[in-house]
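Numbered from 1 within each chain, the chains take letters A, B, ... in sequence-line order.
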Number of protein chains: 2
Amino acid sequence: MKTRDKIILASLDLFNERGERNVTTNHIAAHLAISPGNLYYHFRNKSDIIYEIFLEYEKLVDYYLQIPDDRPLTLDDMMFYLESVFDGLWSYRFFHRDLEFLLDSDERLREDYRGFTGRCLESIDCIFHGLAEGGVIENQPEELRSAMSLNVWLVVTNWMAFLKTAHGNGLSDELSIHMLKQGIYQVLTLELPYLMPEYREAVMTLREKYRPQLPENGEGMRSASRKKLGNF
Amino acid sequence: MKTRDKIILASLDLFNERGERNVTTNHIAAHLAISPGNLYYHFRNKSDIIYEIFLEYEKLVDYYLQIPDDRPLTLDDMMFYLESVFDGLWSYRFFHRDLEFLLDSDERLREDYRGFTGRCLESIDCIFHGLAEGGVIENQPEELRSAMSLNVWLVVTNWMAFLKTAHGNGLSDELSIHMLKQGIYQVLTLELPYLMPEYREAVMTLREKYRPQLPENGEGMRSASRKKLGNF
DNA sequence: TGGATATTAGAGTATATACTCTAGCTTTGA
DNA sequence: TCAAAGCTAGAGTATATACTCTAATATCCA
């Protein structure tokens with residue numbers, strides 16, 4: 001593999017694992033057993049590495065969120081979208097973490113990310129529209145649908161952060177893609193009231209599969225807090 | 001005012017304005033025209049300052065979220081909760097920004113924040129319960145209500161971040177408490193389907209007041225993105 | 001083959017950041 | 001009144017971080 005690609009991959013891994021803020025260019029170089037000079041031969045600076053990673057993330061999500069325009073959408077479609085998006089979220093999970101700082105320090109990224117958000121919101125909106133056409137959910141006025149889409153976006157993009165903060169010991173090892181996908185439970189919760197009656201039971205059953213499990217460790221969370229946090 | 005209190009206030013201001021990551025202890029001292037030594041006489045380190053600020057934030061929100069146990073809740077109560085919580089969010093808006101890093105680097109804060117999250121979720125849940133008793137919203141099974149509460153928490157705590165990332169030019173000056181409160185629109189959107197019929201119209205009217213306005217600048221967002229982002 | 005080009009090592013630098021240390025000043029209260 | 005305690009200034013330090021520079025090596029291709 002080319003050094004340039006190795007740098008991107010290693011950076012992504014390290015960012016995901018330790019957070020962008022805790023990973024320096026020297027760390028990345030050391031991790032790959034290459035010199036800092038070598039790294040800076042391939043990338044002008046750290047922001048450029050992050051930007052490259054973002055482009056890949058963007059490409060992946062755009063790919064996942066393609067919507068067929070020749071047919072309405074089914075429940076299976078919807079679940080596939082959810083699964084895919086959470087997969088993407090997991091692979092690039094560092095990104096939504098220090099997002100604001102990243103955007104603050106790279107104008108190009110800020111602009112692109114804004115477009116990305118716009119496209120995602122539009123896709124979510126289209127998916128709802130397609131589901132309504134497919135008779136899975138009720139049709140809603142445009143205004144309500146786009147506000148709903150935005151809520152879905154907020155829940156999806158911030159579920160990871162919630163998990164990390166809600167779990168006591170900062171062991172990020174604990175956080176698995178499996179736990180991340182419990183976010184699907186939350187998204188389905190959002191959609192429940194809009195389902196057509198004949199789909200309600202099916203979705204409730206699906207939803208149950210993503211229901212958050214109690215972390216198996218007895219330690220860490222005091223019983224009072226556990227009660228308050230419910231399943232988390 | 002005591003130097004110690006001045007440090008807390010100045011730190012909060014600077015954190016809110018520039019982000020915790022961009023504010024050093026030396027900046028804080030310089031801003032107050034005191035020496036670094038003086039600052040470190042009052043606080044062992046930067047984390048301690050942040051922790052103090054958190055305690056105030058926690059106290060404020062806990063105060064806002066007190067719930068009367070001698071009567072059911074009204075629509076006015078609900079709006080008051082929303083207004084209050086968004087006020088608090090605004091005053092300590094730096095906090096939910098670099099949250100994960102803050103929690104990573106201060107175990108005490110991590111533990112306390114977890115408890116805080118738990119109490120907030122419990123309060124939201126209680127509010128829904130009280131509203132159901134007051135006949136404002138339909139009563140829902142416990143499981144659904146707590147999942148709903150969590151969605152509300154996610155939307156509330158991340159609305160600010162969304163605004164910052166969705167707005168093109170990083171001019172944080174633009175972001176006002178007024179814009180922040182448009183988050184109330186999103187929360188009301190979540191609640192709409194659960195309202196008792198006789199409250200539906202009233203809430204729709206209220207909601208309209210918080211409806212996001214187009215940013216008045218013609219520049220920055222390309223028309224394509226504007227279309228996609230809808231009202232944002 | 002051999003010169004040009006691409007890649008790499010590794011020492012080094014400018015700057016920033018969190019924090020320390022000492023000495024001096026101010027306030028308090030017996 | 002005066003010593004103890006509290007407060008403050010400001011120079012200074014150890015460490016980290018993003019990034020540079022030069023020289024050497026590998027690769028390519030005419």
(request) With a 4.0 Å heavy-atom cut-off, tell me which residues in residues 24-32 of chain B come close to DNA chain D, sorted by residue number. (result) none
Just jot down the side chain to side chain donor-acceptor pair (under 3.5 Å) partners of [X], sequence neighbours excluded, or say none.
X	value
Tyr113(B)	none
Thr189(B)	Arg207(B)
Tyr210(A)	Glu83(A)
Tyr41(B)	none

(request) Please list all pairs passing the salt bridge (Lys or Arg N to Asp or Glu O under 4.0 Å) test where one or both residues lie in residues 20-31 of chain A, with sequence neighbours left out. (result) Glu20(A)-Lys46(A), Glu20(A)-Arg21(B), Arg21(A)-Glu20(B), Arg21(A)-Asp98(B)
(request) Could you note down all residue pairs passing salt bridge (Lys or Arg N to Asp or Glu O under 4.0 Å) where residues 31-45 of chain B supplies at least one of them, sequence neighbours left out? (result) Arg44(B)-Asp48(B)
(request) Just grab all the ring pair (Phe, Tyr, Trp, His ring centres under 6.0 Å) pairs involving residues 8-37 of chain A, residues at least two apart or on different chains. (result) Phe15(A)-Phe94(A)
Polar pairs (N or O, both sides) under 3.5 Å between protein and nucleotides 6-8 of chain D?
{"from": "dC7(D)", "atom 1": "OP2", "to": "Tyr41(B)", "atom 2": "OH", "distance (Å)": "3.1"}
{"from": "dT8(D)", "atom 1": "OP1", "to": "Thr3(B)", "atom 2": "OG1", "distance (Å)": "2.9"}
{"from": "dT8(D)", "atom 1": "OP2", "to": "Thr3(B)", "atom 2": "OG1", "distance (Å)": "3.0"}
{"from": "dT8(D)", "atom 1": "OP2", "to": "Asn38(B)", "atom 2": "OD1", "distance (Å)": "3.3"}
{"from": "dT8(D)", "atom 1": "OP2", "to": "His42(B)", "atom 2": "NE2", "distance (Å)": "2.9"}
{"from": "dT8(D)", "atom 1": "O5'", "to": "Asn38(B)", "atom 2": "ND2", "distance (Å)": "3.1"}

(request) Can you sort out the partners of Tyr57(A) under ring pair (Phe, Tyr, Trp, His ring centres under 6.0 Å), two or more places apart, ordered by chain and number? (result) Tyr92(A), Phe95(A), His96(A), Phe116(A)
(request) Check ring pair (Phe, Tyr, Trp, His ring centres under 6.0 Å) between His129(A) and all other residues, then give those that pass, not counting sequence neighbours. (result) none
(request) Walk along DNA chain C from 5' to 3' and tell me the first and last nucleotide with an atom closer than 4.0 Å to a non-hydrogen atom of chain B. (result) dT17(C) to dC21(C)
